[in-house]
2 protein chains.
Amino acid sequence: MEQLINYIEEFVKLDDDAKAALHELTEMEHFSKNKYILEPGQRCNKIWFLKRGMVRKFYLNDGQEETVWIHTENQTFTSLESYAQNTPSKEYLQACEDSELICITKGNSEKLAEFPKIVAFVNAMMGREFANIDKHTKALNQRDAKGKYEYLREIAPELLKRAKLGHIASIIGVSRETVSRIRKA
Amino acid sequence: MEQLINYIEEFVKLDDDAKAALHELTEMEHFSKNKYILEPGQRCNKIWFLKRGMVRKFYLNDGQEETVWIHTENQTFTSLESYAQNTPSKEYLQACEDSELICITKGNSEKLAEFPKIVAFVNAMMGREFANIDKHTKALNQRDAKGKYEYLREIAPELLKRAKLGHIASIIGVSRETVSRIRKA
DNA sequence: ATAATTTTGTGATCTACATCAAAAGAAAAC
DNA sequence: GTTTTCTTTTGATGTAGATCACAAAATTAT
């Protein structure tokens with residue numbers, strides 16, 4: 001919990017009321033390795049903060065797993081499409097290590113909206129998310145295999161260290177063999 | 001203006017007060033062909049609705065223009081990163097045909113926030129935007145050249161008809177020659 | 001209309017990366 | 001600690017699409 005507050009306070013300073021509300025309106029969850037946090041068909045009505053562990057977001061395309069992203073400690077994640085539109089998810093969220101999460105439901109998130117500081121945080125975080133998606137899409141869309149791998153190293157070195165090579169290959173859209181060769185070089 | 005109201009009313013029904021506020025707080029803009037609506041370095045503090053014409057979003061990478069997207073009638077657009085984070089834009093927004101726009105500044109957008117219906121609209125639209133970005137990224141990241149072109153045909157047939165071949169090639173990240181060959185086949 | 005410029009089309013090559021195959025290494029199960 | 005299974009490495013081969021070079025067509029300017 002302290003971690004989540006620290007994370008929020010990178011954006012805005014919280015007063016005690018807001019902190020208390022956070023304590024009250026969030027929950028801890030634990031998922032052991034390989035367990036699913038969300039599966040296709042479920043409506044995603046939570047946002048999670050990853051306290052410890054690693055979580056992979058992927059979907060099936062023609063039976064093949066396509067890894068979208070892998071989150072590491074101190075990041076927030078959700079199945080955005082499902083959450084934002086209240087539709088059944090097409091994605092899996094899976095713990096790829098034993099993971100501890102702090103979650104907040106959509107309903108509780110609305111209750112938190114009465115704290116201006118928390119609203120300011122959400123806006124700032126969304127702004128940052130937008131910017132990241134933007135940057136990210138541009139980077140992965142145009143570079144060659146090496147360039148994409150280097151981009152991952154820049155923005156998510158932890159992911160590169162801990163995730164399986166095959167999952168990394170899938171994120172940047174190249175074959176496992178190519179990632180292996182990039183690493184050797 | 002009627003067009004913008006119709007567009008909003010696809011999401012939520014507006015009462016007369018909200019419509020009046022929209023009239024008051026939005027402005028018409030006109031840009032002739034090839035004129036810039038936004039240039040790098042400027043802070044983007046507006047969201048536009050494209051009433052007539054076509055607008056291209058692109059940036060320079062190593063001196064090369066990389067086209068991000070081309071908007072056609074009845075779409076809203078902005079330079080998201082700059083708007084959301086209040087930072088200087090890295091992108092150009094350029095009219096690729098004579099274009100009529102309806103714009104709303106960030107300040108006026110905040111004033112409109114007192115109309116719950118308009119807030120509901122913004123949320124619904126944002127939700128849709130998120131979902132689209134998601135879909136879009138997945139589609140363009142994984143398919144081959146033909147598949148990407150077909151995806152564009154699905155979601156933006158108007159763009160495909162009216163935009164320059166070179167710009168289309170840039171959006172999907174393939175060479176102009178390849179797009180020409182896809183079209184011939 | 002005519003010339004200049006820009007955009008698109010077509011063939012010939014080249015290359016980055018996929019795919020196939022099989023071995024080596026690590027992790028999980030027993 | 002051995003076996004089984006999963007993951008990564010390494011080499012050989014194939015291919016989609018890039019790049020180059022120029023021709024045809026379409027726009028734009030004069």
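Letters A, B, ... are given to chains in the order of the sequence lines, protein chains preceding strands, and every chain is numbered from 1.
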Write down the distance between [atom1] ([X]) and [atom2] ([N]), rounded to a whole number of angstrom.
X      : N      : atom1 : atom2 : result
B/L140 : D/dG17 : CG    : P     : 14 Å
A/R162 : D/dT8  : CZ    : P     : 15 Å
A/I182 : C/dA18 : CD1   : C1'   : 13 Å
A/K184 : C/dG25 : NZ    : P     : 14 Å
B/R183 : C/dG9  : CZ    : P     : 7 Å
A/N34  : C/dA29 : CG    : C1'   : 14 Å

State which of [options] makes the closest approach to the side chain of [X].
X      : options                : value
A/E177 : D/dA18, D/dT10, C/dT10 : D/dT10
B/S180 : C/dA21, C/dT10, D/dA18 : C/dT10
B/R176 : C/dT10, D/dA18, C/dT8  : C/dT8
A/S175 : C/dT10, C/dA18, D/dT19 : C/dA18
A/L165 : C/dA18, C/dG11, D/dT8  : D/dT8
B/D144 : C/dA18, D/dT19, D/dG17 : D/dG17
B/K164 : C/dT8, D/dG17, D/dT8   : C/dT8
B/R181 : C/dA18, C/dT10, D/dG17 : C/dT10

For DNA chain C, whose closest nucleotide is more 5', that of B/A163 or that of A/R143?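 By nearest-heavy-atom nucleotide position, the 5'-most residue is B/A163.
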What I'd like to find out is whether the side chain of A/N6 reaches to under 4.5 Å of the side chain of A/I8, using heavy atoms alone. no
Side-chain N,O (B/T178) to OP1/OP2 (D/dA18) below 4.0 Å: yes
Is it the case that B/Y149 and B/R143 place a side-chain donor and acceptor less than 3.5 Å from each other?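 Looking only at side-chain atoms, B/R143 and B/Y149 do not form any donor-acceptor pair under 3.5 Å.
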Determine, step by step, whether B/S79 and B/E91 satisfy the side-chain hydrogen bond (donor to acceptor under 3.5 Å, both in side chains) criterion, reporting the C-alpha distance in whole Å, the side-chain angles of both residues, the deciding distance to 0.1 Å, and the verdict. CA-CA 7 Å; B/S79 179; B/E91 303 174 320; 2.8 Å; yes
Need one value for A/K148: base, sugar-phosphate or nothing, where a base atom within 4.0 Å counts as base even if backbone is also close, heavy atoms only.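 No contact.
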Determine the contact category for A/G147: base if any of its heavy atoms lies under 4.0 Å from a base atom, sugar-phosphate if only primed atoms, P, OP1 or OP2 are that close, otherwise nothing. nothing
Give me the one residue out of A/L159, A/I182, A/V174 that meets side chain to side chain contact (heavy atoms under 4.5 Å, CB included) with A/I168. A/L159
side-chain hydrogen bond (donor to acceptor under 3.5 Å, both in side chains) with A/Q94: which of A/E39, A/R56, A/K33? A/R56
